[in-house]
Amino acid sequence: MSVKLFDLTGRTALITGSSRGLGRAMAEGLAAAGATIVLNGVDPTRLAQAAAEMRAKGHKVHEAAFDVVDEAAVIAAFNSLDAAGIEIDILVNNAGIQFRKPLVELSTEDWRRVVETNLTAAFVIGREAGKRMLPRKCGKIINIGSLMSGLGRVTVGPYTAAKAGIKALTQTMTAEWAEHGIQANAIGPGYMLTDMNKPLIENETFNAWVVGRTPSRRWGNPDELVGTAIFLASSASNYVSGQIIYVDGGMTAIL
Ligand code: GCO
């Protein structure tokens, strides 16, 4: 069995929200596996900095600055990629926000903002990528879910609803696109050491709960998603579709 199975040479990956955090870690990992990367973020300056850092490592990187919740900007970005002859072989729907508040204190506007960013954007960007992958009869879609794709926690209602939707959207993409050579899967990261989780990491009680509740007895590092991302982006997963792989230190496997 050759390691070519995991070789991404000749493939181009668009990773949303990839100027930092989990998205940046996956961008670095897919690039190291041979992929050309289209970095995305809302802040062109931060995006250019990330691209420069990756190019300095010898990676081939394009930049696509757009806000994932701005449908017109998403469509314009895909049209620009088309015009530049850049075909997206791998889409990682990673961009997301967190907003922690009990349901009874949550405004509908805050609910909508989280669901729009974490779920609707993945549909819109997935639709635009899918439209282009279908005629080519090949493509890989990796939707970033969460522990909350299957489990609830207090104060993260809209995030949980959106991430459960990510799991279901992945299954719908499979139902409609697998016969056309497109594999859509999800990754469910556990508690990872990211900026989004900084308030939790710095909270002694919450930190102790994560360490105690996780069989691996620690938070995850963003680069620990890379192996699963490469697997789902590569030929090694050509008969895997509609699945969610939890990279969570075992948290979802135990009571
Ligand atoms: C929270 C965290 C989680 C993690 C991750 C777990 O407030 O519980 O933000 O949502 O970020 O999504 O999979």
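First listed ligand is number 1; within each ligand, the first listed atom is number 1. Both backbone and side-chain heavy atoms feed into the values below; hydrogens, waters and symmetry mates do not.
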Nearest neighbour in protein (non-hydrogen) for [atom]:
| atom | result |
| --- | --- |
| atom 5 (C) of ligand 1 | Ser146 OG, 3.7 Å |
| atom 13 (O) of ligand 1 | Pro189 O, 2.5 Å |
| atom 3 (C) of ligand 1 | Tyr191 CE2, 3.6 Å |
| atom 7 (O) of ligand 1 | Arg100 NE, 2.7 Å |

Backbone, side chain, both or neither: what part of [X] comes under 4.0 angstrom of ligand 1, heavy atoms only?
| X | answer |
| --- | --- |
| Leu200 | side chain |
| Asn197 | side chain |
| Met192 | neither |
| Leu147 | both |

Show your working on salt bridge (Lys or Arg N to Asp or Glu O under 4.0 Å) between Glu176 and Arg127 and close with a plain yes or no. CA-CA 11 Å; Glu176 296 188 9; Arg127 179 192 66 202; over 6 Å; no
Between Glu109 and Arg113, does a salt bridge (Lys or Arg N to Asp or Glu O under 4.0 Å) hold up when you go through it step by step? CA-CA 6 Å; Glu109 182 43 41; Arg113 185 168 52 84; 5.4 Å; no
Quick one, Leu22 and Met196 - any side-chain contact, counting heavy atoms below 4.5 Å?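 When only atoms from C-beta onward are counted, Met196 and Leu22 do not touch, as no gap falls below 4.5 Å.
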Tell me, do Glu28 and His59 make a side-chain contact under 4.5 Å, heavy atoms counted?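 The answer is yes, as the side chains (C-beta and beyond) meet within the 4.5 Å cut-off.
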Looking at Val156, which atoms of ligand 1 are within less than 4.0 Å of one of its heavy atoms?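 Checking each atom against Val156, I get 7 (O).
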Using a 4.0 Å cutoff against the non-hydrogen atoms of Met196, which atoms of ligand 1 qualify?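 Within the 4.0 Å cut-off of Met196, ligand 1 contributes 11 (O).
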Okay, side chain of Asn40, backbone of Ala65: is any donor-acceptor separation there less than 3.5 Å?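 No; judged by distance alone, with no hydrogens or angles, the pair does not exist.
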Asp223 side-chain N/O to Ala25 backbone N/O, donor-acceptor pair under 3.5 Å: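 Side chain of Asp223 to backbone of Ala25, a donor-acceptor pair under 3.5 Å: no, none is there.
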Parallel, tilted or perpendicular: which fits the ring planes of Phe206 and Tyr191, with parallel below 30° and perpendicular above 60°?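 Aromatic pair Phe206/Tyr191 classed perpendicular.
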